[in-house]
Undergrad: 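Pasting in a structure now, in structure tokens, and then I'll have a few things to ask.
If you read the sequence from its start, that first residue is 1, and numbering goes on from there.
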Amino acid sequence: MSSRVIPVQPFVLTVFGATGDLARRKLLPALYQRDRAGQLPERAAIVGASRQQMTPEAFVAFARSAITEYVPAGDLEDADVARFLARLTYVPVEAEGEGGWERLAALIATHTDMIRVFYLATGPALFGPICTRLGAHGIAVDGARVVVEKPLGKSLESAVALNKAIGEVFEERNVYRIDHYLGKETVQNLMALRFANTLFEPVWNNAHVDHVQITVAEDIGTAGRAGYYDTAGALRDMVQNHILQLLCLVAMEPPVSLDADAVRDEKLKVLKALQPITEANAGQLTVRGQYRAGASAGGAVPGYLEELGSSTSDTETFVALKAEIGNWRWSGVPFYLRTGKRLASRVSEIVITFRPVPHSVFDESAGALRANVLVLRLQPEEGVKLWLMIKDPGPGGMRLEHVPLDMSFASVFGVRNPDAYERLLMDVVRGNQTLFMRRDEVEAAWRWVDPILEAWRTSREPPKPYTAGTWGPAAAIALIERDGRTWSGDD
């Protein structure tokens, strides 16, 4: 089976922060892969922009180094590389000054009758200044699109201010708040499983679902970003965006269509229905932790404070939450959410555990009956597993086993699985906002998260320590086990 490649219209993409880590690791390799697949039109152009003084030739060399490092060697063909690099140019620009803007405006103006996309791969403090200058210099013409990366604020107040600054230049229909988790193949398949099959939707409710778990675990530490991370923490960095977006896709009502606003309307309803976690119940419904020195990938690793170079910090590197949704479909079904750094393994997955059968017709010799479980794995290998009870083959009576129907996308479809950024970048050019967050979604998520942060500040209780290479503090295990359940996959 081969994947279909649908070309997009001619575009000129300007990447602000083009010499940074995101551009090097993700954006340039993703654009190369789309070019290699034949999706970029002949006229498509890519402009790098940052404060670094660099010639266009030096930027091309930078891009060559990036794709050589982050694109598999088997995907690097000389002709493909040469064609991609020929699309690139570079302009030094001062995000908070006037240097370089006239030159950038003149360069982009040479690409006539093309879709203009501006990707802000910078810190959020520069989003407003860059958008202001794009407007002031006439670069952000009608229909131009802007892409902004997380973090989208550090609180509701800052998120509102950030959205206002962007909205003064770009209409909401042209603002793309990117969350790369929503571009993953498994997330797309969550909607396909629910809404393209009659098997799941009738049982996708509190009458049949016992509980839901969402885990986003990393086995690495702060990877040289401890200074930034200490101003954010796991709740802001992962829960407010990635995990709540996954929760919305699991829990939302069927939209009337896959139109962007139809989908985002239903996601917004879920965010508004989340039961509040405040000072009154945060002690029972939340756990936050911070890793200490331990072992990972077969070697010793330092603790968070050592990486930070500080003797003290109240920043959490791990969060576990018990969330509930106050509506008819999900009332009484707990959603257990957890994320952290320096955990036992790198895994992101959604686990839907169904209720057990109401009555067993089998005797004890058949073995214990276990509930059906649907597992959607986002990483490291994207795929879907449905755990069922079946008979163990062979004579000698009825013996039951809990086994998975296992579908790996790579093995089933036999094609390369595009990176999430590849899909999302092309969706921006197409003008498809389905997989991007709307302004009111971002603000609704902060309305739920802010009281949790405030409850932690008020309690003054420090994060619970856990050893690097484990699954977090013991309190996170107690959070779920006191309900008679256990975290999926922990061993």
Side-chain angles (χ1 to χ4, degrees), residues 150-151 179-187 190 211-226 229 232-247 249-250 285-299 301-304 307 315-323 334-353 373-385 408 419-420 449 452 463-481 485-491:
K150 77 173 184 76
D179 183 339
H180 70 274
Y181 268 67
L182 298 188
K184 291 184 177 292
E185 197 68 45
T186 309
V187 174
L190 173 57
H211 72 282
V212 177
Q213 297 180 27
I214 301 177
T215 294
V216 178
E218 298 178 278
D219 57 4
I220 61 172
T222 55
R225 299 168 63 241
Y229 195 86
L235 188 68
R236 290 186 177 100
D237 190 52
M238 295 298 292
V239 175
Q240 187 274 337
N241 40 76
H242 298 326
I243 290 182
L244 285 186
Q245 284 293 308
L246 296 179
L247 181 149
L249 291 174
V250 172
L285 301 179
T286 74
V287 174
R288 60 176 181 151
Q290 187 183 96
Y291 62 86
R292 299 293 186 256
S296 180
V301 294
Y304 175 72
E307 291 184 355
T315 298
E316 76 285 354
T317 63
F318 174 94
V319 174
L321 304 169
K322 178 182 177 181
F335 284 70
Y336 299 100
L337 318 175
R338 66 173 173 172
T339 184
K341 291 186 176 295
R342 288 288 188 215
L343 298 183
S345 63
R346 173 178 175 263
V347 60
S348 295
E349 65 182 16
I350 302 167
V351 180
I352 296 99
T353 301
V373 180
L374 178 64
V375 180
L376 298 105
R377 176 68 63 91
L378 282 71
Q379 62 183 24
E381 294 181 1
E382 294 193 64
V384 177
K385 287 184 181 179
S408 164
D419 179 80
V449 165
I452 301 174
K464 300 181 184 301
Y466 64 96
T467 303
T470 67
W471 280 108
I477 300 173
L479 175 73
I480 190 170
E481 290 196 347
R485 303 179 176 100
T486 189
W487 290 110
S488 172
D490 290 11
D491 48 35

Undergrad: Between CG of Leu246 and CE of Met238, what distance do you get to the nearest 0.5 Å?
TA: 8.5 Å
Undergrad: Looking only at atom types and distance, does a side-chain atom of Asn241 sit under 3.5 Å from a main-chain N or O of Arg236, one as donor and one as acceptor?
TA: yes
Undergrad: Quick one: salt bridge (Lys or Arg N to Asp or Glu O under 4.0 Å) pairs with a partner in residues 344-353, sequence neighbours left out?
TA: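 Output for this query lists Glu349-Arg377.
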Undergrad: Do Thr317 and Tyr466 meet the criterion of a side-chain donor-acceptor pair at a distance under 3.5 Å?
TA: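 Thr317 vs Tyr466: donor-acceptor pair found between side chains.
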Undergrad: Between Leu247 and Val212, is there a side-chain heavy-atom distance shorter than 4.5 Å?
TA: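 No. Closest side-chain heavy atoms not under 4.5 Å.
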Undergrad: Using atom types as modelled and distance alone, determine if a side-chain donor or acceptor of Gln290 lies under 3.5 Å from a backbone N or O of Thr315.
TA: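 Looks like yes, one N/O pair under 3.5 Å.
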Undergrad: Nearest heavy-atom pair of Ala475 and Lys464: which atoms, and what distance?
TA: CB-CD, 3.6 Å
Undergrad: Would you say that Pro334 contacts Arg485 through its side chain, given a criterion of any heavy-atom pair below 4.5 Å between the two side chains?
TA: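 When only atoms from C-beta onward are counted, Arg485 and Pro334 do touch, with a gap below 4.5 Å.
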Undergrad: Would you say the side-chain atoms of Glu316 and Tyr304 include a donor-acceptor pair closer than 3.5 Å?
TA: no
Undergrad: Any side-chain heavy atom of Val187 within less than 4.5 Å of one from Ile350?
TA: no
Undergrad: Is the shortest side-chain heavy-atom distance between Val373 and Ile352 below 4.5 Å?
TA: no
Undergrad: Walk me through it: do Asp237 and Lys150 pass the test salt bridge (charged side-chain N to carboxylate O under 4.0 Å, His left out)?
TA: CA-CA 8 Å; Asp237 190 52; Lys150 77 173 184 76; 2.9 Å; yes
Undergrad: For the backbone of Asp219 and the side chain of Ser296, can you confirm whether one donor and one acceptor N or O come within less than 3.5 Å of each other?
TA: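 Looks like yes, one N/O pair under 3.5 Å.
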Undergrad: What's the shortest heavy-atom distance between Ala320 and Ala476, and which atoms?
TA: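 That would be CB-CB, 4.0 Å.
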Undergrad: Just by modelled atom types, is the Asp179 backbone N or O under 3.5 Å from a matching donor or acceptor in the Gln245 side chain?
TA: no
Undergrad: Before giving the answer on side chain to side chain contact (heavy atoms under 4.5 Å, CB included), spell out for Val384 and Val375 the whole-Å C-alpha distance, their side-chain angles and the decisive distance to 0.1 Å.
TA: CA-CA 6 Å; Val384 177; Val375 180; over 6 Å; no
Undergrad: Flag the pair Leu374 / Lys385 as yes when at least one side-chain heavy-atom distance between them is below 4.5 Å, and no otherwise.
TA: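 No; the side chains remain at least 4.5 Å from each other.
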Undergrad: Once you round to the nearest 0.5 Å, how far does OG1 of Thr286 lie from CG of Leu235?
TA: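 Atom-to-atom, Thr286:OG1 and Leu235:CG are 9.0 Å apart.
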Undergrad: Taking side chain as C-beta onward, heavy atoms only, is Phe318 less than 4.5 Å from Pro463?
TA: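 Heavy-atom side-chain distance check fails, nothing below 4.5 Å.
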Undergrad: Could you tell me which non-hydrogen atom of Val216 sits nearest to which non-hydrogen atom of Ile243, and how far apart they are?
TA: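 Shortest heavy-atom contact: CG2-CG1, 3.8 Å.
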Undergrad: Could you grab the distance from atom OG1 of Thr186 to atom CG of Leu378, nearest 0.5 Å is fine?
TA: 5.0 Å
Undergrad: Take Ile214 and Thr339 through the side chain to side chain contact (heavy atoms under 4.5 Å, CB included) test and state the conclusion after the steps.
TA: CA-CA 8 Å; Ile214 301 177; Thr339 184; over 6 Å; no
Undergrad: For His211 together with Tyr336, are the ring centres under 6.0 Å from each other?
TA: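 That pair passes the under 6.0 Å test.
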Undergrad: Go through the side-chain N and O atoms of Arg338 and Thr215 and say whether any donor and acceptor fall under 3.5 Å apart.
TA: yes
Undergrad: Could you tell me if the side chain of Thr470 sits less than 4.5 Å from the side chain of Leu343, heavy atoms only?
TA: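 No; the side chains remain at least 4.5 Å from each other.
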Undergrad: Do Ser488 and Gln213 meet the criterion of a side-chain donor-acceptor pair at a distance under 3.5 Å?
TA: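 No, no side-chain donor-acceptor contact under 3.5 Å.
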Undergrad: Would Tyr181 and Ser348 count as having a side-chain donor-acceptor pair, cut-off 3.5 Å?
TA: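 Side chains of Tyr181 and Ser348: pair found under 3.5 Å.
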Undergrad: If you take all heavy atoms of Val319 and Ala234, which pair is closest and at what distance?
TA: CG2-CB, 3.7 Å
Undergrad: Any side-chain heavy atom of Val301 sitting closer than 4.5 Å to one from Arg342?
TA: yes
